Engineer: 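Below is a structure I'd like to ask you about.
Small disclaimer: the values here were computed from a predicted structure and weren't measured. Sequence lines set the chain letters: A, B, ... in the order given, protein chains first and strands last, and positions in each chain run from 1.
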Number of protein chains: 2
Amino acid sequence: MKLDPQEIEARFRRHAVRVTRQRAAIYAALAETTSHPTAEDLYRTVKRQHPMMSRNTVYYTLGVLRQAGLAQEVNVGHEVARFDGNVAVHHHLVCLGCGQIVDVMDDGLNQLAISSRQARGFHVLGHRVEFHGYCADCQPAGLSAMDRRG
Amino acid sequence: MKLDPQEIEARFRRHAVRVTRQRAAIYAALAETTSHPTAEDLYRTVKRQHPMMSRNTVYYTLGVLRQAGLAQEVNVGHEVARFDGNVAVHHHLVCLGCGQIVDVMDDGLNQLAISSRQARGFHVLGHRVEFHGYCADCQPAGLSAMDRRG
DNA sequence: TGCTATGTAGGAATCATTCCTGTCTAGTGG
DNA sequence: CCACTAGACAGGAATGATTCCTACATAGCA
């Protein structure tokens with residue numbers, strides 16, 4: 001879904017994030033997709049319209065957006081960091097074949113709790129559930145292969 | 001809990017893992033702790049008794065153990081990979097302050113499911129739940145700091 | 001419009017992990 | 001008990017995502 005520049009600026013101001021062309025481009029690229037891109041993906045995307053864009057700016061901006069609560073880092077296994085413009089509480093479904101990550105919005109999952117005996121004195125603030133399996137396209141391969149990922 | 005060398009050898013043979021001193025030492029170090037050590041932690045631990053041990057052997061062995069189903073990789077956020085000798089299905093509780101990881105064994109969590117509408121054609125094989133918060137020691141700091149980790 | 005704190009570009013540095021290569025050895029068959 | 005060979009080990013080099021550094025540019029404000 002295409003995101004209105006006005007709306008981007010409004011969100012930035014609401015979260016006290018200084019508005020620059022680079023930032024707007026990076027945030028737009030992130031917020032307009034549900035594919036959980038890597039920093040490199042975003043760099044390549046925004047570079048098309050901003051040839052001077054540096055990788056550093058992408059990393060720096062992702063840090064700013066994250067701290068402002070406009071983006072989230074998603075980590076699956078020990079792979080490259082991926083980013084998510086969806087900052088609502090949600091969970092993920094990961095394909096062990098192609099690596100795609102799909103958002104799962106489910107109130108039941110959001111309300112999971114841990115027994116106080118298990119909590120061992122922790123003050124629990126939240127949780128995250130990651131389902132893994134094979135997507136429709138990867139299923140034939142996935143069912144034969146006994147491949148497991150960490 | 002100290003692990004009998006006989007028992008280690010038995011597990012290796014049962015999982016078709018060749019028995020070597022280095023491997024036994026690495027596996028012992030991993031299986032005798034619940035602290036989810038990093039490769040570097042394990043390296044330092046085993047190096048005390050095996051000064052010739054190379055970092056490479058630790059990484060290689062962890063790969064072997066993982067494929068054999070004797071160890072698991074645990075990833076929290078985008079930090080260094082950590083390893084777990086507990087291969088039963090279980091979940092984790094992570095301290096945002098000190099980074100400690102505590103095992104959570106809970107049948108309810110093991111049985112979580114996703115609705116088929118949410119599954120989007122995926123063949124789901126498993127899932128993993130990660131709770132995050134502040135441990136007893138980190139709570140005073142944690143409650144004041146608004147620090148969040150990805 | 002000018003000031004200043006902050007952002008940006010680009011290159012260098014870091015560091016966990018992997019790759020490479022030349023020994024070495026566990027496990028097996030004679 | 002000995003020799004063979006596939007697989008394991010040590011150590012150093014290479015990789016690659018991310019961070020650091022620094023000089024220049026610009027957003028936001030008075």
Engineer: Within this structure, what is the OH-to-C1' distance between Y60(A) and dT8(C), rounded to whole angstrom?
Structural biologist: 9 Å
Engineer: Would one find a side-chain N or O of T57(A) under 4.0 angstrom from OP1 or OP2 of dT8(C)?
Structural biologist: no
Engineer: Under 4.0 Å from any heavy atom of chain A: name the first and the last nucleotide of DNA chain D that qualifies, 5' to 3'.
Structural biologist: dA17(D) to dG28(D)
Engineer: Determine, step by step, whether E73(B) and R82(B) satisfy the salt bridge (Lys or Arg N to Asp or Glu O under 4.0 Å) criterion, reporting the C-alpha distance in whole Å, the side-chain angles of both residues, the deciding distance to 0.1 Å, and the verdict.
Structural biologist: CA-CA 6 Å; E73(B) 194 174 332; R82(B) 298 176 65 163; over 6 Å; no
Engineer: Considering only heavy atoms from C-beta outward, does the side chain of Q22(B) approach that of Y60(B) to under 4.5 Å?
Structural biologist: no
Engineer: Could you tell me the separation between the CG atom of L62(A) and the P atom of dG7(C), rounded to a whole number of Å?
Structural biologist: 14 Å
Engineer: Can you list, by chain and residue number, the hydrophobic cluster partners of L112(A) when the side-chain cut-off is 4.5 Å?
Structural biologist: L93(A), V102(A), V104(A), L109(A), I114(A), F122(A), V124(A), V129(A), F131(A), L93(B), V102(B), V104(B), L109(B), L112(B), I114(B), F122(B), V124(B), V129(B), F131(B)
Engineer: Check whether E32(A) reaches the backbone of Y27(A) with its side chain - one donor and one acceptor, N or O, closer than 3.5 Å.
Structural biologist: no
Engineer: Rounded to whole angstroms, how far apart are OH on Y43(A) and P on dT8(C)?
Structural biologist: 14 Å
Engineer: If a protein heavy atom is under 4.0 Å from the base, mark B; if only from the sugar-phosphate, S; if neither, -; do that for nucleotides 12-19 of chain C going 5' to 3'.
Structural biologist: ----SBBB
Engineer: Below 3.5 Å, can you tabulate the donor-acceptor pairs from side chains in residues 45-52 of chain B to any protein atom, sequence neighbours excluded?
Structural biologist:
residue: T45(B); atom: OG1; partner: D41(B); partner atom: O; Å: 2.9
residue: K47(B); atom: NZ; partner: Y43(B); partner atom: OH; Å: 2.9
residue: K47(B); atom: NZ; partner: P51(B); partner atom: O; Å: 3.3

Engineer: Could you write nucleotides 25-30 of chain C as a row of B, S and -, 5' to 3', where a protein heavy atom under 4.0 Å of any base atom gives B, of only sugar-phosphate atoms gives S, and otherwise -?
Structural biologist: -BS---
Engineer: Show every side-chain hydrogen bond (donor to acceptor under 3.5 Å, both in side chains) that has at least one partner inside residues 85-106 of chain A, sequence neighbours left out.
Structural biologist: H36(A)-H92(A), H36(A)-D103(A), D84(A)-H90(A), D84(A)-H92(A), N86(A)-D103(A), H90(A)-H92(A), H90(A)-D103(A), H91(A)-N110(A), H92(A)-D103(A)
Engineer: Within a radius of less than 6.0 Å around CD of Q111(A), do more than 12 heavy atoms belonging to other residues, nucleotides or ligands occur?
Structural biologist: yes
Engineer: Flag yes if more than 12 heavy atoms outside R14(A) fall under 6.0 Å of its CZ atom; otherwise flag no.
Structural biologist: yes
Engineer: Would L65(A) and M53(A) show up in the same hydrophobic cluster when neighbours are defined by side-chain heavy atoms closer than 4.5 Å?
Structural biologist: no
Engineer: Is the number of heavy atoms from other residues, nucleotides or ligands within 6.0 Å of CD (Q67(B)) greater than 12?
Structural biologist: no
